[in-house]
Chemist: 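What follows is a structure written as C-alpha cells; I'll ask about it next.
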Amino acid sequence: MREQLFASLVILALLATACTPAQTSQPNTSGGQIQVTPTPGQMVHTNPEAAHMMAPISGSNVQPANAERGGQPLDYHLEDGVKVFELTTRAVQWSILDDVTVIAWTYNGVVPGPLIRVTEGDQVRILVKNELDAPTTVHWHGVDVPNAMDGVPGVTQDPIQPGETFTYEFIAKPAGTFMYHSHYEGDIQVSAGLYAPLIIDPKEPGPPVDLDVVLMLSEWLVRDGYTYAAMPMAGMEPNYFTINGKAFPATETITVKVGQRVRLRFIAIGQFIHPMHLHGAPFKIVATDGHPVPEIAQLTKDTVSVAPGERYDIEFTAQEPGKWMLHCHILHHTTNDNVEPGGLMLMIEVVE
Ligand SMILES: [Cu+2]
C-alpha cells in the first residue's frame, strides 16, 4: 500500500513538472543532455532548415522609409503602347505606429507597395529590380498571366538574385481587384511587407462610386525591438495588425458625405483570417476575388470574413453623420501589443 501511494506521488510530481510553464529560454544542461525550453511567445526550432523562419527580418543598408503611406498609384511610361512600371525591392524602416517601427521588405520603399492600376486589355511590362540581400520573385495573384510570368521560383522562373532585374509582361485581364506579392519564401517575404494592390479596371466601367478605397490587411510580430515574420505558429503569432501598413490609430480615416457611395476593396495578404465589420451601414458584396457578383446574388452583410489570399469588394451608401468604425471582429486583432484599441481598425467619418 505504501509503495502504491509513493508511486502515485511520484507520478503526480512528474505530471506537475511536465505541466509547469517553462520560465527560461536559456538552454539547461541536465544529466549531460541539453534541454531547450521556450518561454511562452518564443519559438524553438527543431528543424535546422527552418531556422531562417525564426530569424529577425534584417537587411544591409536599411534606410528610413521616404514616404508616409503605401499603396499609392504608381506612375508608368509608355513604350510602343506598353505601360511600363518599375519596382525595386528593398528593406526599409517602416513606421506602423508613431512609436513602433518595423524592418520591412518592400516594393519601392513602402508598405503596401505602390498600387498598379491599369485597364483590362492593357499590355503591361513591370521591371523588378532586386535590392534585397535575398532572392525574390513576384506573383500576380489572380491575374490571368502566361505561365512563364507567374513568378513561381524553380517552376516558372529562376529566382531574381540580389542585384538582378527581371521583366514581367502580360496583358491585363480579367478586370478586378488583385494583388502582387513575393512568391519566394513567401512565409517570410510576404509577412515582411512584399505585397501591394493591383487593380484592373473594366473596359466598360459599371456605375461609378464616389470613393474607392483599397484596404490590405496584414500582421506583424515585433519582439525586443526586432521584426519577425508573423505566422500562425506557436511562438510566431503576431502582436501588431495593420491596414495598408498602419495600425490604429495610425490608420487612415475615410471621410465621406451622407448619400455617397463607397467601395472598399479588402485584400487579406497576411496569414490570418479577418472578419471585417462595418458600423453604420449595411453593405453588399459586389465582387469576390476580383470577379463581379451578379446583383441577384449580392449578399447584404455587416461583416465579411477575408481569408488569406482572398479579396472582397463591398459597397455601401453612407447614411448617418458621425464617426463609424470599421474593424476586425477577432477582437485581439484590434490591439497593439495586446493593448486596446489598435490594430485592424479605422474610422469612417460621415459628414453632412
Ligand atoms: Cu482579424
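All ligand and atom numbering here is 1-based and tracks the order in the structure.
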Chemist: Which protein N, O or S atoms sit under 2.8 Å from the Cu ion (ligand 1)?
Modeler: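 Correct list: His274 ND1, Cys328 SG, His333 ND1.
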
Chemist: From Ile188 CD1 over to Ile57 CD1, what is the distance, rounded to the nearest 0.5 angstrom?
Modeler: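 The CD1 atom of Ile188 sits 6.5 Å away from the CD1 atom of Ile57.
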
Chemist: Below 30° counts as parallel, above 60° as perpendicular, anything between as tilted: where do the rings of Phe241 and His332 land?
Modeler: perpendicular

Chemist: Please report the interatomic distance CG(Leu299) to OH(Tyr312), rounded to the nearest 0.5 Å.
Modeler: 9.5 Å

Chemist: Around atom CG of Asp133, are there more than 12 heavy atoms from other residues, nucleotides or ligands closer than 6.0 Å?
Modeler: yes

Chemist: Donor-acceptor pair, distance only, cut-off 3.5 Å: does the side chain of Asn130 make one with the backbone of Ile160?
Modeler: yes

Chemist: For Lys129, give me all partners under salt bridge (Lys or Arg N to Asp or Glu O under 4.0 Å), at least two apart in sequence or on another chain.
Modeler: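 So Lys129 forms a salt bridge (Lys or Arg N to Asp or Glu O under 4.0 Å) with Glu131.
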
